[in-house]
Amino acid sequence: MSYSQALRSIITTPSLLSSKKHLFLLSHMRANTSLMGHLLGSHKHINGYYEMHIGYYSVKSLMRQKILYSQEHSLKKNSVYMFDKVLHNEHHISECIQNHPKSHFLISIRAPEFTIPSIVSLYQKLNPGHELTNPEFAAAYYCERLDLLAEIASVKNFNYLYFDADAIKSKPTLTLQKISQFLELTPPLSTKYEKMHNTGREKAGDSSSSLLKGEIIQSGLIPIQVPYAESQYFKDCQSTYNKVRILLDSKAQQSVLL
C-alpha cells in the first residue's frame, strides 16, 4: 500500500484515526480458529473475524490493518478492538508489536491427531495438487508453526492468554468467560455468533456446515486413529505438541486447558 493510498483512505474514512486496541489470535490451521474468530467478531466492541494474511512489523502495520479492513467493512461504532488471526509463519509478528501497549494476544494449539487429518482433508477438497494433501508435509507445517509459537511466547514481558483449541467446544462457557475477562469485554462473549459475509465460503476459513449453525455445538473429544500413527513424522508432531503446550501454559498470564 502506497503512502497516497493510505492518505486517501484516511481522508475518506476519518474514523481510522480513532485509537483502537489490536487483538491477535496466534494459532495454526484447523484449530477451531474460524469458530473463535466468529465468536470474537460478533462482539460489538470487536472489528474483524477472519485471517487477513498480513504481517505485523511496526506500528505502521497496525494502521495498515485498519485501512485494509475498512476497505471491505465499516468499523463498528464505539468499537474497541481490531482483530486478526495469524496462522502461518510467513506472517511475521515483531517483538515491538508483541510488547506494544495496545496489542493483546490469545494463543491456541490443537493436538496433532485432530489437526493433521483435518489439514490433509481440507487440501484434498480445495487443492488436490497441494503438498499439504500429504500428511508428512502437513506434519512439517504443524511442527514448524508450533516451534515459532513457542519462540513468540518466550519473548520477555509478553502477556497472553493460552487456551487448548478444543476447549472452545468442550468447555465453551468457561473458555469464553476467561477470554472475556482477559480482554475486559462488556458484555462477555456469547456462545452464539453472527453469520458473516465469508461464513462457510471455501478458501475463507472453515467451510463446513457446522460453522453455519450460528452457535457453539458443545462436544467432547472423540479419539481418532490415524493410519500413520507409528510414523516418525507423526511421533515428532506428538512430541512437539506436548513440549510446546507445556511451555505455552507455563508462560501464559492465564490458561484454559482441557
Side-chain angles (χ1 to χ4, degrees), residues 24-37 50-56 84-93 105-155 160 162-170 198 200-211 219-251 257-258:
F24 298 96
L25 171 58
L26 307 185
S27 187
H28 54 80
M29 291 189 292
R30 316 310 288 166
N32 298 321
T33 62
S34 291
L35 173 60
M36 196 68 240
Y50 55 84
E51 184 180 9
M52 296 189 69
H53 297 282
I54 60 176
Y56 295 86
D84 193 9
K85 60 179 183 176
V86 182
L87 310 181
H88 300 275
N89 287 359
E90 60 263 33
H91 300 140
H92 182 64
I93 301 285
F105 288 87
L106 308 173
I107 300 182
S108 179
I109 63 174
R110 194 181 190 200
E113 59 266 33
F114 303 106
T115 305
I116 305 305
S118 186
I119 292 174
V120 170
S121 177
L122 173 70
Y123 278 89
Q124 286 175 340
K125 178 182 177 183
L126 297 183
N127 188 357
H130 199 283
E131 65 180 15
L132 290 179
T133 58
N134 183 325
E136 189 166 0
F137 283 98
Y141 154 81
Y142 178 82
C143 288
E144 289 169 7
R145 183 60 183 157
L146 263 61
D147 283 341
L148 184 60
L149 290 176
E151 288 183 28
I152 290 172
S154 298
V155 168
Y160 63 91
Y162 171 75
F163 65 97
D164 286 330
D166 282 306
I168 192 58
K169 290 185 175 180
S170 62
N198 290 326
R201 291 190 176 188
E202 290 188 356
K203 300 182 180 181
D206 188 356
S207 58
S208 66
S209 59
S210 62
L211 195 61
S219 59
L221 290 177
I222 301 174
I224 293 178
Q225 297 297 322
V226 294
Y228 37 83
E230 296 304 315
S231 66
Q232 186 58 50
Y233 66 81
F234 189 73
K235 290 180 180 179
D236 289 343
C237 285
Q238 293 175 311
S239 175
T240 299
Y241 170 75
N242 291 331
K243 174 187 68 178
V244 172
R245 181 174 180 262
I246 290 171
L247 183 144
L248 293 176
D249 175 39
S250 69
K251 293 186 175 296
L257 304 178
L258 290 170

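Quantities reported herein were computed from a predicted structural model and do not represent experimental measurements. We use all heavy atoms of the structure for the numbers below, so side chains are in, but hydrogens, waters and symmetry mates are not.
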Check whether any side-chain heavy atom of [X] sits under 4.5 Å from a side-chain heavy atom of [Y], and report yes or no.
X: Pro135; Y: Tyr233; result: yes
X: Val244; Y: Ile109; result: yes
X: Lys169; Y: Leu35; result: yes
X: Tyr160; Y: Leu26; result: no
X: Tyr162; Y: Leu257; result: yes
X: Met36; Y: Lys85; result: no

Closer than 3.5 angstrom, by distance alone: can the side chain of [X] be matched with the main-chain N or O of [Y] as a donor-acceptor pair?
X: Arg110; Y: Arg30; result: yes
X: Tyr241; Y: Tyr142; result: no
X: His28; Y: Glu144; result: no
X: Thr240; Y: Cys237; result: no
X: Asn127; Y: Tyr123; result: no
X: Ser27; Y: Ser108; result: yes
X: Ser170; Y: Asp166; result: yes
X: Ser239; Y: Lys235; result: no
X: Ser118; Y: Thr115; result: no
X: Tyr141; Y: Met29; result: yes

Considering all heavy atoms of both residues, which atom of [X] and which atom of [Y] are nearest to each other, and what is their separation?
X: Ala165; Y: Asn32; answer: O-ND2, 3.0 Å
X: Tyr228; Y: Phe234; answer: O-CB, 3.4 Å
X: Gln124; Y: Thr133; answer: N-CG2, 3.6 Å
X: Ile116; Y: Ala138; answer: CD1-O, 3.8 Å
X: Ile54; Y: His91; answer: O-CB, 3.4 Å
X: Glu113; Y: Val226; answer: O-CG1, 4.1 Å

Any chance the side chains of Gln238 and Asn242 put a donor and an acceptor closer than 3.5 Å?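 Judged by distance alone, the side chains do not pair up.
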Supply the atom-to-atom distance [X] [atom1] to [Y] [atom2], rounded to the nearest 0.5 angstrom.
X: Ser219; Y: Ile168; atom1: OG; atom2: CD1; answer: 11.0 Å
X: Leu248; Y: Ser154; atom1: CG; atom2: OG; answer: 8.0 Å
X: Ile119; Y: Asn134; atom1: CD1; atom2: CG; answer: 12.0 Å
X: Ser121; Y: Leu126; atom1: OG; atom2: CG; answer: 9.0 Å
X: Asp249; Y: Phe163; atom1: CG; atom2: CZ; answer: 13.5 Å
X: Leu87; Y: Thr33; atom1: CG; atom2: OG1; answer: 4.5 Å

Candidate pair Lys243 and Asp147, rule side chain to side chain contact (heavy atoms under 4.5 Å, CB included), full reasoning: CA-CA 9 Å; Lys243 174 187 68 178; Asp147 283 341; 4.0 Å; yes
Using the rule side chain to side chain contact (heavy atoms under 4.5 Å, CB included), only one of Ile93, Leu25, Val86, Ile152 pairs with Phe105; which is it?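 Exactly one option meets the side chain to side chain contact (heavy atoms under 4.5 Å, CB included) with Phe105, and it is Ile93.
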I'd like to know whether CD of Glu90 has more than 12 heavy-atom contacts from other residues, nucleotides or ligands below 6.0 angstrom.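 Atom CD in Glu90 is crowded, with more than 12 foreign heavy atoms closer than 6.0 Å.
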